[in-house]
Amino acid sequence: MGTEIAKVLAKKNKIFMERSDGFISVGSDTVTWQFGHILELKSAEQIDPKYAKWEYETLPIIPTKWERTVKKDCIKQFDIIKGLVDIADEIVHAGDPDREGELLIHETLIHLNNTKPVKRILLNALDEKSILYALDNLKDDSLFQNLYISAEARTRADWLVGINLTRAYTILGRENGLTTSINIGRVMTPTFSLVVQRENEIRNFKPVTHYSLEAVFKHQSAEIKTKLKIPDEIKVNDYVTDKASIEAIVNKLKIAPMGIISDYKVEKKTEYQLFPYSLSDLQLFAGKKFGYDPQMVLDTVQSLYEKKLTTYPRSDCSYLPENQFVDAGEILNNLSGINESFQKLVAETDTGTKSKAWNDKKITAHHAIIPTTKPCEFENLSDSEKNIYTLIATCYIAQFYKPHIYNKATVEITCNDLTFTASGKTVLEIGWKKLYSDNKTSEENILPVCSKGDKVVAIKTNLLEAVTKPPKRFTTATLLEAMKKIDKFVQNPKLKATLKNVSGIGTEATRAAIIDKILDKNFIEKDKQNLVPTKYGETIYEVLPSFLKTPDITAVWENQLAKIADGTGSVQNFINGQLTIINEALRVAKNLKLNIDVPRCPYCNNILRQVISKKNGQKYWICKSFFAEDETKCKNGIFSDHNGKPVIISCKKCRKGYMKKKFSHEGKPFWSCDNYPDCKNMLPDKNGLPGNPVNKNNPNRKKRFFK
């Protein structure tokens, strides 16, 4: 982005640009950049060392002063920005024109105690024309102060929820034997909850056998295949479960087969071109077509972007700036030169066709993902890059095909006070769908030309039996789609509308990483392509408060943040509301018990906890009461680790002790009974576990395998 702005500045002022480490000079102007948030809110232990130890008594943690620190991998660039701000006369803020974009630059300038005047450049596209227009129409950044305040309020609320509840549930887990942290987040937690809820639906699902009826009516010389519109009086939860009720209708038709066309319509329908991809749409489409997980799609399209073959990847928008329409000829020409397949597709385009995708009013922070004007050396791409580039390019080409046009005919037949319906489709122009169909047929269930009042006669019936199926498990692609369309999982109409307007939970840039995180944290796992909850994940889900398991909290937040952004809401009231919820959640968590199957000490049945030695980095499992200073102290409660589990193997010689791993003076491992000296059983180590006893009759054996 910085490079493109610098190029336009250089061309506009007819001067050369000069690259330096971390910035570009263009005459008296300098362009520098961040890479996302280069600052982060201080952690609890950075605020006060007393928070280094996680204890209930320190909760809730509520900063009296909100401070940020520079991320370790951003220190160099931060220092460059600081030096440039110090010598600047005026600063132009080029963050994305949305809440998060306002925050990530604004927070840096605040951290630098900037007092220089700040202008705002609003860019939603990086072509020359868009940048020139934005440069000539800079705004005063003070106009966006409330947008920044709302973004800051959201950040603080996320910190409060994440820090306090993650600590509370992690402490709860440790008291019940867990050795890992239980991460809680406003977006992550309801996302993993969707997988648990879907699994519960599948487990509780009871298949229902139900019945329906097809009937064929003869109309003059043609036949019409229809379906019975099930009368309400024989339905149970939208299904007919009583076979006899359908059989009775069949018998009626045999006795009285005469019917009449009660309604007949033919409507010309138009399906406009598929919109170009936003990131989540691309992730979903690629997931279904190629089985790619969302993070792989993001990584691939990011690679294409860095090769300058496609536009900005982390876009939530499906529209294109109208001024980029002039690039169509060049882009299509480049695509035509890739191979014969693309050449054929491009040959049928019409650059005079302008799809509904070209709409400046619908552009958000970025426009949809499309090919750039740079020619693509297709054969040099990896297989995944070829597949993703082809999807993006094909969708772009579709914008220059005609709309898909067809006639839809619907007929309604009344017979014995029952209604039978049928519909048919005749394609008039395949249009853009030619790029996405196998073109085997352009017609579906052709209906004869009818008139209302025409007589028909039932000549055939077909009683159908079917069994309901459970809902499908999520895949990474469909879970990402659920995050984007989270409003479908909300019952409250007002909250549903809010979540639909904000395009779900998470962002285009973070959703894939969130799914990866809940996989990494062992809340869910993959069963082939499907996502299923782990036993651990289900246990955590059961003890979480309901407000964390649903996306409703995001909808409530968005309503309040929107009021803050337009100047009618209070940040303090918003934060106070979160603290009320957090305090209640902390109170509940303190009295919970986790039903988790954890390793226990064979001597005293206390919980074993995994620890890592600071001295040598070795992992061990130590009994909770090993450190007690009274008679409850467990003297033998230390066990070795093998693949993340304690090695608890009883001594086969004395049947009283357990084998413990030790090391010889040469550092070689061996195993001995902890009932020593009463039992002197020793075994060699084999791949981290006790091996077979040494064969004493072997003349080549070493007399002692340890000193």
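All heavy atoms count here, side chains included; hydrogens, waters and symmetry mates do not.
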Next item on the list: Output every pair passing ring pair (Phe, Tyr, Trp, His ring centres under 6.0 Å) with a member in residues 484-515, not counting sequence neighbours, ordered by first then second residue.
Entry: none
Check: Any salt bridge between Lys484 and Asp281, counting N to O under 4.0 Å?
Finding: yes
Checklist line | pair Leu499-Thr554: side-chain heavy atoms closer than 4.5 Å | finding: yes
Margin query: Apply salt bridge (Lys or Arg N to Asp or Glu O under 4.0 Å) to residues Glu538 and Arg203 and explain how you reach the verdict.
Written below: CA-CA 13 Å; Glu538 291 187 274; Arg203 286 175 187 156; 2.4 Å; yes
Checklist line | Which residues share a salt bridge (Lys or Arg N to Asp or Glu O under 4.0 Å) with Arg186, sequence neighbours left out | finding: Asp158
Note to self: Determine whether a donor-acceptor pair (N or O, by modelled atom type, separation under 3.5 Å) exists between the side chain of Glu508 and the backbone of Ser280.
What the structure shows: yes
Item checked: Face-on cation placement of Lys549 at Tyr541 ring, 6.0 Å and 45° thresholds -> yes
Notebook entry, point to check: Got a sec: does the NZ of Lys386 have more than 12 other heavy atoms crowding it under 6.0 Å?
Noted result: yes
Check: For the residue pair His219 and Phe217, is the inter-centroid distance of their aromatic rings smaller than 6.0 Å?
Finding: no
Note to self: Keeping Thr426 on the side-chain end and Asn407 on the backbone end, is there a donor-acceptor pair under 3.5 Å?
What the structure shows: no
Notebook entry, point to check: Salt-bridged, Lys472 to Glu201, with N to O below 4.0 Å?
Noted result: no
Check: For Lys526, does its backbone N or O pair with a side-chain atom of Asn530 as donor and acceptor, under 3.5 Å?
Finding: no
Checklist line | Short side-chain to backbone donor-acceptor contact, Ser181 and Asn183, under 3.5 Å | finding: no
Checklist line | Over 12 non-hydrogen atoms of neighbours within 6.0 angstrom of CD in Glu247 | finding: yes
Check: Short question: side chain of Thr507, backbone of Thr510 - any donor-acceptor pair under 3.5 Å?
Finding: yes
Notebook entry, point to check: Is it the case that Gln302 and Arg314 place a side-chain donor and acceptor less than 3.5 Å from each other?
Noted result: yes
Next item on the list: Start with the C-alpha gap between Trp557 and Phe574, add the side-chain angles, then the distance that decides, and say whether ring-ring contact (aromatic ring centres under 6.0 Å, His included) holds.
Entry: CA-CA 8 Å; Trp557 281 23; Phe574 172 67; 5.6 Å; yes
Check: Under 3.5 Å, side chain of Asn416 to main-chain N/O of Ala256, donor-acceptor pair present?
Finding: yes
